[in-house]
Amino acid sequence: MVEFRFDIRPLFTQPIVKVTSNLLPHTFRGDRRQCLDATSKMSEIIDRLGQLSANAQKLNTPVTTAQRLRMSENQTIYLLADINQGNNGAVIGLLKVGTKDLYLFDETGQTRKVENTPCILDFYIHESRQRAGLGKDLFETMLADEKWTPIKCSVDRPSEKLLGFLKKHYSLVRTIPQANNFVLYEGFFDDGSSSAATKQTNGAGNGMYITNSPNTQLFGATYLGEENNKKRMQRHLEATPNLASQITQISPVGRYGARRPTCSMAEIIHSGTTPTKGAESGSGQTYEKLNADYIL
Ligand SMILES: CC(=O)SCCNC(=O)CCNC(=O)[C@H](O)C(C)(C)COP(=O)(O)OP(=O)(O)OC[C@H]1O[C@@H](n2cnc3c(N)ncnc32)[C@H](O)[C@@H]1OP(=O)(O)O
């Protein structure tokens, strides 16, 4: 369990709290001074849990940091705590979700642009409390809150443990092959579309068609899934050798990619402006914006 030098209980008035870009628990009520104190503590909590999650997944760079959350437009972190642990309580787990516009293959191999795809981005329960049903509690809370169903979620490069988790609790097994790091399960496109808006990006033909899509450029061409699905994908790629070379030339980046070096000139130019979604470094954003937004 993850304990802190400060008492976490004022932040966790209930076991699971939700945090968005304001870095405050959704239950937070307080004045400006309390707000600053809470965001600072919540940042520390998110950074610690994000780092532990990265360690557990053997990632070089955490997927989850307070800075990234602060700059995001549509990401939410659910945090689970045990307020009875020790003197200050302890944080046990983290689940980060968000929505993305993705180019995805459906079951027939055709590309669809799916807007606002529900995505599971990062999930971690402290090692000392795994396999006790706490991950399920956190996941269920998220599903109810977001009004999502598991089969309509895409999962950003799930670990073996998460694949096991989804199989055990939601009977999710059969995946739809993708050319990016996201894993989808059969049923995602049922009802003719996902729960989000979808559109087929290339009308004609029944064969698989891989676009040079923003998603492929961003996340690279990596396929995860069952062995038979891999073979199916391989057959398509062998039938279209140019396509295969096009894909392999795109180097994998995204959640497994190294952090981009900060451009100090860009920081000077953009200093004080609202950072764009997905920007890695938020050092140009000052606390004045934070304060202005959250003076209560
Ligand atoms: C998109 C992403 O975030 S990918 C990264 C996912 N996170 C990680 O891999 C980090 C390390 N793992 C964890 O933090 C946790 O194991 C989680 C978040 C995946 C699941 O949380 P838990 O509280 O353990 O889940 P819960 O107790 O509800 O369910 C248990 C099931 O999850 C899977 N699981 C959990 N821990 C393990 C483990 N150590 N080894 C294998 N499977 C595991 C199993 O299917 C398990 O069922 P079982 O005990 O009957 O085999």
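We count ligands from 1, going down the list as the structure has it; atoms in each ligand are counted the same way. Only this structure's heavy atoms are used, side chains among them; waters, hydrogens and symmetry mates stay out. Keep in mind it's a predicted model, so treat the numbers as computed, not measured. Along the sequence shown, residues are numbered consecutively beginning with 1.
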S.K.: Should Ala56 be counted as touching ligand 1, given the test is an N or O pair under 3.5 Å?
M.R.: no

S.K.: If you measure from each non-hydrogen atom of Asp156 to ligand 1, which part falls under 4.0 Å: side chain, backbone, both or neither?
M.R.: backbone

S.K.: Answer side chain, backbone, both or neither: which part of Pro158 comes under 4.0 Å from ligand 1, heavy atoms only.
M.R.: backbone

S.K.: Please tabulate, one pair per line, all N/O donor-acceptor pairs under 3.5 Å involving side-chain atoms of residues 129-136, not counting sequence neighbours.
M.R.:
{"from": "Gln130", "atom 1": "OE1", "to": "Lys161", "atom 2": "NZ", "distance (Å)": "3.3"}
{"from": "Gln130", "atom 1": "NE2", "to": "Ile125", "atom 2": "O", "distance (Å)": "2.8"}

S.K.: Consider ligand 1: state whether an atom of it lies below 4.0 angstrom from any non-hydrogen atom of Glu127.
M.R.: no

S.K.: Would you tell me which option among Tyr124, Phe123, Phe139, Phe165 has the nearest heavy-atom contact to atom 3 (O) of ligand 1?
M.R.: Phe123

S.K.: Quick check: does Lys168 get an N/O under 3.5 Å from an N/O on ligand 1?
M.R.: yes

S.K.: Heavy-atom contacts with Asp122 under 4.0 Å: which atoms of ligand 1 show up? List them by number with element.
M.R.: 3 (O)

S.K.: So if I count the atoms of ligand 1 from 1 in the order they appear, which ones are less than 4.0 Å from some heavy atom of Lys136?
M.R.: 28 (O)

S.K.: Set out, in order, the CA-CA distance, both residues' side-chain angles and the distance that settles salt bridge (charged side-chain N to carboxylate O under 4.0 Å, His left out) for Arg33 and Asp37, then state yes or no.
M.R.: CA-CA 6 Å; Arg33 188 191 57 75; Asp37 183 56; 5.7 Å; no

S.K.: Before signing off on this row, confirm whether Ile120 and ligand 1 have an N or O atom pair separated by under 3.5 Å.
M.R.: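 Between Ile120 and ligand 1 (N or O atoms, distance only) the closest approach is not under 3.5 Å.
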
S.K.: Does the ring center of Phe139 lie less than 6.0 Å from the ring center of Phe165?
M.R.: yes

S.K.: Going by the closest heavy atom to atom 13 (C) of ligand 1, which one wins out of Gln130, Arg129, Lys96?
M.R.: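 Ranked by closest heavy atom to atom 13 (C) of ligand 1, first place is Gln130.
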
S.K.: Decide whether the shortest distance between a heavy atom of Gly133 and an atom of ligand 1 is less than 4.0 Å.
M.R.: yes

S.K.: Does His169 come within less than 4.0 Å of ligand 1, judged by its heavy atoms?
M.R.: yes

S.K.: Checking the N or O distance criterion of under 3.5 Å, is ligand 1 in contact with Gly164?
M.R.: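 Between Gly164 and ligand 1 (N or O atoms, distance only) the closest approach is under 3.5 Å.
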
S.K.: If you round to the nearest 0.5 Å, how far is NZ of Lys147 from CG of Asp145?
M.R.: 6.5 Å

S.K.: Should one rank Ala54, Gly93, Ser159 by closest heavy-atom distance to atom 8 (C) of ligand 1, which comes out on top?
M.R.: Ser159

S.K.: How does Gln57 reach ligand 1, by side chain, by backbone, by both or by neither, if only non-hydrogen atoms under 4.0 Å count?
M.R.: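 The side chain, only.
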
S.K.: With a 4.0 Å cut-off on N to O distance, would you call Arg5 and Glu44 a salt bridge?
M.R.: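 Yes, charged N to carboxylate O under 4.0 Å.
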
S.K.: Just verifying a value: how many Å separate Thr39 OG1 and Met42 CE, rounded to the nearest 0.5 Å?
M.R.: 9.5 Å

S.K.: Is it the case that Gln51 and Arg48 place a side-chain donor and acceptor less than 3.5 Å from each other?
M.R.: no

S.K.: I need the contact type for Ser53 against ligand 1. Using non-hydrogen atoms and a strict under-4.0 Å cut-off, is it side chain, backbone, both or neither?
M.R.: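 No part of Ser53 comes within reach of ligand 1.
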
S.K.: Tell me the contacting part of Arg131 for ligand 1: side chain, backbone, both, or neither, using a 4.0 Å heavy-atom threshold, strictly below.
M.R.: both

S.K.: Tell me whether Gln14 contacts the main-chain N or O of Ile16 through its side chain, where contact means a donor paired with an acceptor under 3.5 Å.
M.R.: yes

S.K.: Checking side-chain polar atoms at under 3.5 Å, does Ser53 have a donor or acceptor matched by the opposite partner on Gln57?
M.R.: yes

S.K.: Once you round to the nearest 0.5 Å, how far does OG of Ser159 lie from OH of Tyr124?
M.R.: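 Between Ser159 OG and Tyr124 OH, I get 12.0 Å after rounding to 0.5 Å.
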
S.K.: Say whether, by atom type as modelled, one donor and one acceptor occur between the side chain of Arg112 and the main chain of Phe189 under 3.5 angstrom.
M.R.: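 No, Arg112 side chain to Phe189 backbone: no donor-acceptor pair under 3.5 Å.
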
S.K.: Enumerate the atoms of ligand 1 whose separation from the nearest heavy atom of Arg157 is less than 4.0 angstrom.
M.R.: 4 (S)

S.K.: Under 4.0 Å from a heavy atom of Ala132: give me the atoms of ligand 1 that qualify, with their elements.
M.R.: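 Listed by number with element: 27 (O).
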
S.K.: Would you say the side-chain atoms of Thr64 and Asp122 include a donor-acceptor pair closer than 3.5 Å?
M.R.: yes

